[in-house]
Every structure is written in C-alpha cells, then in structure tokens.
Amino acid sequence: MICPECSFNDSKVVDSRPADIKIRRRRECLKCGGRFTTYEIIEDIPIMVTKKDGGLEPFDSQKLTDRIYRATVKRPVKLRTIEHMVETIQTGFKNSLQKEVSSNKIGEMVLRHLKNIDHVAYVRFASVYREFDDIESFVSLISELGDE
C-alpha cells in the first residue's frame, strides 16, 4: 500500500478487523511511521455453467448436491461425503479462476469421484448424465467397472 503522507510503497498491518463485507486494516508506513486505514473487499467471482443447449446459468452447489444425492439414495454414502465432493469440485473451479465451465466437465468430475466411492451410484449418475437409451450402454459401463 502506498503511504498517503510520503508516498512510500511499503507498510505493515498494525490491526485487522472484519467490517461488514469488508476487512478494515490499520497500517503503518515503514518509512515515515504515518498510520492510515485501508479496506479490503473480498471478490467473489461467480462461476457460470455452460449447458448442453448453449445456455448459461450460475453454478448452484445445492443443485449439484441434490443430483448426486439422488444417485446415492439407499446406498452407504454419507451426506457429508457428497457435500465434500461438491466443495472439492467448486473449489477446483474457483482456484483455476475459470469464469465459465461446461456441464460436461462438471458431470465428468462427479463421475470420477463417484467411481471411487460407490459403483452403484456411479452407474446411476452416469445413466442420467450420459443419457443412456439402450441396455448396451449399461452393459458397456458395467464391464468397464469390472475390468478395474
């Protein structure tokens, strides 16, 4: 931060406190010793999902949790495991600073996680996500699981 007194470009934080949606920082210039206050605003970059039809919608972690939960109904998969999976996926997108992500990429990430957690849930999710319309698609997916 640049000191408003002497324009030196280095300071140390003396005090830091949350203030509404901002963080209030009291700083001290390392050259002249002058003190000043700065405010930091946490920037939340929304992730937009590109749908198969080309439309865009905001990423909805609750919607993804619901879809995964449907695939794990009556399976020994805890809700906390599902929530952790969704958090991991969402954090991965935020850390990569991607503003747009395709629904296909999200689906493939979910499948990668489910494959390691529960094979039945994996097949259920894949059948909806990949839009299976014949028995051969199921047989192919299940045989892939058996080959591992």
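The shown structure was predicted, so the numbers you read here are calculated from the model rather than taken from an experiment. For reference, positions follow the sequence shown, starting with 1.
- Pairs passing the salt bridge (charged side-chain N to carboxylate O under 4.0 Å, His left out) check and including a residue from residues 102-112, sequence neighbours excluded, read Glu108-Arg130.
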Worked check of side-chain contact (heavy atoms from CB on, under 4.5 Å) between Met85 and Met109: CA-CA 9 Å; Met85 183 190 319; Met109 291 181 83; over 6 Å; no

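- The side-chain hydrogen bond (donor to acceptor under 3.5 Å, both in side chains) check on Thr65 picks up nothing, with sequence neighbours excluded.
- No donor-acceptor contact under 3.5 angstrom links the side chains of Arg25 and Thr38, judged on distance only.
- Evaluation of the salt bridge (Lys or Arg N to Asp or Glu O under 4.0 Å) rule for Arg27 yields Glu40 as partners, not counting sequence neighbours.
- When all heavy atoms are compared, the tightest approach of Asp118 to Pro76 is OD2-CD, 3.9 Å.
- Atom CD of residue Gln90 and atom CG of residue Asn95 lie 10.5 Å apart, to the nearest 0.5 angstrom.
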Taking distance alone, no hydrogens or angles, what donor-acceptor pairs closer than 3.5 Å link side-chain atoms of residues 5-12 to residues at least two apart or in another chain?
none

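- Remark: Ile2 CD1 is loosely packed, at most 12 non-hydrogen atoms of other residues, nucleotides or ligands lying under 6.0 Å away.
- Ile106 CD1 to Phe59 CZ: the interatomic distance, rounded to the nearest 0.5 Å, is 5.5 Å.
- Scored by the side-chain contact (heavy atoms from CB on, under 4.5 Å) test, Val139 finds Ile135 as partners (sequence neighbours excluded).
- Listed by chain and number, the residues in a salt bridge (Lys or Arg N to Asp or Glu O under 4.0 Å) with Arg35 are Glu28 (sequence neighbours excluded).
- Under the salt bridge (Lys or Arg N to Asp or Glu O under 4.0 Å) criterion, Asp60 pairs with no residue, sequence neighbours left out.
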CA sep, side-chain torsions, deciding dist, call: Ile23, Arg17, side-chain contact (heavy atoms from CB on, under 4.5 Å): CA-CA 6 Å; Ile23 299 173; Arg17 298 178 190 182; over 6 Å; no

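- In this structure, the separation between OH on Tyr39 and NZ on Lys22 is 6.5 Å, given to the nearest 0.5 Å.
- For the atom pair CD1 (Ile82) and OG1 (Thr72), the distance works out to 3.5 Å, reported to the nearest 0.5 Å.
- Side-chain atoms of Ser127 come within 3.5 Å of backbone atoms of Arg124 as a donor-acceptor pair (strictly under, hydrogens ignored).
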For residues 49-58, tabulate all N or O donor-acceptor pairs below 3.5 Å that involve a side-chain atom, not counting sequence neighbours.
{"from": "Lys52", "atom 1": "NZ", "to": "Tyr129", "atom 2": "O", "distance (Å)": "3.1"}
{"from": "Asp53", "atom 1": "OD1", "to": "Gly55", "atom 2": "N", "distance (Å)": "2.9"}
{"from": "Glu57", "atom 1": "OE2", "to": "Lys63", "atom 2": "NZ", "distance (Å)": "3.0"}

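- Sorted by first and then second residue, the pairs that involve residues 79-97 and meet salt bridge (charged side-chain N to carboxylate O under 4.0 Å, His left out), not counting sequence neighbours, are Asp44-Lys94, Arg80-Glu83, Arg80-Glu87.
- Alongside Phe36, the hydrophobic cluster contains Met1 (criterion: ILVMFWY side chains under 4.5 Å).
- Residues satisfying the side-chain contact (heavy atoms from CB on, under 4.5 Å) criterion with Asp66, sequence neighbours excluded, are Arg70.
- Minimum interatomic distance between Gly107 and Phe125 (heavy atoms only, all atoms of both residues): O-CE2, 3.9 Å.
- Criterion: ILVMFWY side-chain heavy atoms under 4.5 Å apart, direct or through other members. Under it, Val120 and Leu114 are not part of a common hydrophobic cluster.
- The hydrophobic clustering, which links ILVMFWY residues whose side-chain heavy atoms are closer than 4.5 Å, places Val86 and Val73 together.
- For Arg26, there are no salt bridge (Lys or Arg N to Asp or Glu O under 4.0 Å) partners two or more places apart in sequence or in a different chain.
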